[in-house]
Amino acid sequence: MNIHEYQARNLLEKHNIKFPKGKVGSTPKEIYNIAKSFGGKVMVKAQIHSGGRGKAGGVKICNSPSEAKEFSKKIINTRLITNQTGPEGYLVEKMFVTEITNIKKELYLSLLIDPDSECPVFIASLHGGMDIEKTVESNQANIVKMNCDPLVGIKPYKLKQFVDKLNLPKEGNSQIVSLLNNIYKAFINNDCSLIEINPLVIDDNENLVPLDCKITIDDDALFRNEEILKLRDINQENIMETRAKDYDLAYVKLTGGNVGCMVNGAGLAMATMDITTKSGCYPANFLDVGGSTDKEKIKEAFRILISDQDVKYILINLFAGIAKADLISEGIVEANNELNNELPIIVSMRGTNSESGFEILKNSNLNLYVANNLGTVSKLLLELEKQNDNFIR
Amino acid sequence: MTILLDKNTKVLVQGVGRDGSFQTIKSIEYGTNVVSCVHPNRKDQFFQEKIPFFGSVKEAVEKTGANAGVIYVPAPFAMDAIIEQIDADLDVCVCITEGIPIHDMMMIKNYIKNKKTKLIGPNCPGIISPKLNLKIGIIPGNICNPGNIGVVSRSGTLTYEAIAQISEIGMGQSTCVGIGGDPIHGLSYVDVLKMFEEDPETKAIVLIGEIGGTKEQSAAEYISNNVAKPVIFTIAGSTAPPGKRMGHAGAVINGKMGLASEKILALKKVGAYHAEDLSKIGETIKQIL
């Protein structure tokens, strides 16, 4: 789960990390008042769950409270499109106002879980700021890393080795040690998968100041982080994906396809998308109904597929292991009848109780096409696509 | 021969809720020697009227000689169950549970270093050795055939698909191992490849990978220096958009290395045979064997 910059700052402030003065507002008037209380010249930043805000015009240094007000008027309640949001962008409902910091040098600092070393890893770069991705790709020499053993935490000797490589001024050296310790505590205490400070700057008094931060929390650990769950902003999420999540379904909407896919298992769902694409048709979505699935989940999955206007055919590909194919079939038939669906449904189904599952489907009034294997799925898709073309002509 | 399991394998079960008990019954029907169940509050009861419950893994091991464990408990309690099985020195611990916090897995992976137990999973379908009629986990037994092909995969359902295609072309499996779809998991491709290479009854290996991470690249590196047996592979997720979690916590394209095309390239380079899509695994095996 992602949280907004202002929420991430609050969370880090609770772990004794100091930021420049800042406050969030949701109307131009509020933004004006905050800017005024900060002495006039401020930075105003759109709050969305995406990076690349600066380049997209969502961040601006404003020289007066009225300029801050005008800027926020232009941005609040619009959708900000950045290079990371996709064409729809994200709705800006709040903006964050901060004091101006005089920057002498910009660094990059993050703590994330590295699946290769299977532990938290600090990554720092001597060149932070807006183009950090490019720095990482083009100039590995500027990147400094430190692995942390989760069983013992970070030890001072290791911190020293890490910090020495950063060549900070004297003030910054002692400040970064406590910053790293505090970030690590925040990371462990809140089940974070990422804490990123970019930029981390050295100001003109040689002090180390974090200017922006991003935090991602492990979705699988939200059950034990109730306070963080309260920070969830569902307006930053895709409505259908959110609805799916509530039913414990993994759903991702894809653009440009018309085959509504319903699959059990993430791997098979991906492979089904691949096969659909290879046959010349395109998937409208990724949908994994999960290993341990039940009738209600299947019905909801079916509703999600039907409510997508792009979907012209439904492709159900199941290999039941922990799930039971007969229960899934009952769910499909019930949902199909409830929603009066007439769209053609291609079904490939194997594994636990699949024979009785097929019986249930065959004895229903589904617009059913049975595929015995994945090769047949491609052929059926093409056939249906052809019929559809003929029909339109 | 088989890998990981043999005819002396005695299994204990942690988590006999709806799914856990259904799968335990299926395992017993298949032929697995399930000797005990563990539940803190069901001591002195019996599963299916014959398999005794014990209050702890340690007690189950002492009383029944269990040397392997399977875990179906919900994610919030899975870490405790895994650590308990590691502490009881089981040879093998298979964790089926999905959705374990990644911080827990990080702790477990650092804790398990230098311990006896081999962890398989989590978020995996488990292991099956058709020749011995032995399975731990949820892979359907009726799609398997005893044979000479080893299967290793991050995905449960893709494991089934590969097994089914191997059986459909009249061949069979030596052992199949689902290593799990989480970014941090127990045995890796490399661990399982090593076992298959050393196993005299495995003649060829099917490796099923997917987008995200760099584990397929590590497998490729290992194959180039250590695996002489033919490796057939397919990678799922060529059409997945970057930055989106495709069900599995580990299936997210973050950076170039996570792309299907990069993984395919790495494995082709070391001489592995590419089944261009999932439906072609059987066909590809037939062509080279």
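Here is how names work: the chains are called A, B, and so on, in the same order as the sequence lines, proteins then strands, and each is numbered from 1. Only this structure's heavy atoms are used, side chains among them; waters, hydrogens and symmetry mates stay out.
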Worksheet item: If we only count heavy atoms from C-beta on, is the A:Glu118 to B:Met105 side-chain gap below 4.5 Å?
Response: no

Practice prompt. For B:Thr214 and A:Asp116, test the side chains for any donor-to-acceptor distance below 3.5 angstrom and give the result as yes or no.
Written response: yes

Practice prompt. Find out whether B:Pro241 and A:Leu254 are in side-chain contact, i.e. whether some heavy atom of one side chain is under 4.5 Å from a heavy atom of the other.
Written response: yes

Discussion item. Heavy-atom cut-off 4.5 Å, strictly under: side chain, backbone, both or neither for B:Glu210 against chain A?
Written reply: side chain

Discussion item. Counting only heavy atoms from other residues, nucleotides and ligands, does the tally under 6.0 Å from CD of A:Glu226 exceed 12?
Written reply: no

Discussion item. Looking only at heavy atoms and a cut-off of under 4.5 Å, which of B:Ile235, B:Ile184, B:Ile211 has the most pairs with chain A?
Written reply: B:Ile184

Discussion item. To check you understand the geometry: which heavy-atom pair defines the closest contact between A:Phe319 and B:Thr157, and what is its length?
Written reply: O-CG2, 3.4 Å

Item to complete: Can you tell which part of B:Lys26 gets under 4.5 Å to a heavy atom of chain A, answering side chain, backbone, both or neither?
Response: side chain

Worksheet entry | Region of A:Asn317 that comes under 4.5 Å of a non-hydrogen atom in chain B | neither

Discussion item. Could you report the tightest heavy-atom contact between A:Pro150 and B:Asn110, atom names first, then the distance?
Written reply: CG-ND2, 3.2 Å

Discussion item. Which atoms of A:Ile188 are under 4.5 Å from chain B, going by heavy atoms: the side chain, the backbone, both sets, or neither?
Written reply: both

Worksheet item: Between atom CE of A:Met270 and atom OG of B:Ser238, what is the distance when rounded to the nearest 0.5 Å?
Response: 10.0 Å

Worksheet item: Does CD belonging to A:Glu241 count more than 12 external heavy atoms closer than 6.0 Å?
Response: yes

Worksheet item: Counting heavy atoms not belonging to B:Glu262, are there more than 12 under 6.0 Å from its CD?
Response: yes

Worksheet item: side-chain contact (heavy atoms from CB on, under 4.5 Å) between A:Leu151 and B:Met107: does it pass, once the steps are laid out?
Response: CA-CA 6 Å; A:Leu151 296 180; B:Met107 297 287 222; 3.7 Å; yes

Worksheet entry | Side chain / backbone / both / neither for B:Ala164 at chain A, heavy atoms under 4.5 Å | side chain

Worksheet, complete the sentence: NE2 (B:His103) and CD1 (A:Ile113) are apart, to the nearest 0.5 Å, by 4.0 Å

Worksheet item: Which pair of non-hydrogen atoms, one from B:Met246 and one from A:Val252, has the smallest distance, and what is that distance?
Response: SD-CG2, 4.2 Å

Worksheet entry | Which of A:Ser378, A:Ala266, A:Ala250, A:Ala269 touches chain B most, by non-hydrogen pairs under 4.5 Å | A:Ala266

Worksheet item: Which distance, rounded to the nearest 0.5 Å, do you find between the OG1 of B:Thr239 and the CZ of A:Phe286?
Response: 10.5 Å

Worksheet item: Can you name the closest pair of heavy atoms from A:Pro115 and B:Pro183 and give their distance?
Response: CB-O, 3.7 Å

Worksheet item: Got a salt bridge between B:Lys113 and A:Asp149, using NZ or NE/NH1/NH2 to carboxylate O under 4.0 Å?
Response: no

Worksheet item: For A:Phe187, is it the side chain, the backbone, both, or neither that has a heavy atom closer than 4.5 Å to a heavy atom of chain B?
Response: both

Worksheet item: Taking all atoms of both residues into account, what is the closest heavy-atom pair of A:Ala221 and B:Pro101, and its distance?
Response: CB-CB, 3.8 Å

Item to complete: Tell me, for A:Pro283 versus chain B, whether the close heavy atoms (under 4.5 Å) come from the side chain, the backbone, both or neither.
Response: neither

Worksheet, complete the sentence: Here the gap from A:Asp220 atom CG to B:Glu98 atom CD, rounded to the nearest 0.5 Å, amounts to 8.0 Å

Item to complete: Measure B:Pro76 against the heavy atoms of chain A and call it side chain, backbone, both or neither at under 4.5 Å.
Response: both

Worksheet item: Are B:Arg245 and A:Asp218 close enough for a salt bridge, meaning some N to O gap below 4.0 Å?
Response: no

Discussion item. What's the separation between atom CG in A:Asp191 and atom CD1 in B:Ile102, rounded to the nearest 0.5 Å?
Written reply: 10.0 Å

Worksheet item: Does atom CZ of A:Phe122 have more than 12 heavy-atom neighbours from other groups under 6.0 Å away?
Response: yes

Worksheet item: Above 12 or not: heavy atoms from other molecules or residues under 6.0 Å from OH of B:Tyr222?
Response: yes

Worksheet item: If you measure from OG1 on A:Thr277 to CG on B:Asp277, what distance do you get to the nearest 0.5 Å?
Response: 10.5 Å

Worksheet item: NZ of B:Lys118: more than 12 outside heavy atoms within 6.0 angstrom?
Response: no

Item to complete: Please state whether the side chain, the backbone, both or neither of B:Ile208 comes within less than 4.5 Å of a heavy atom of chain A.
Response: neither

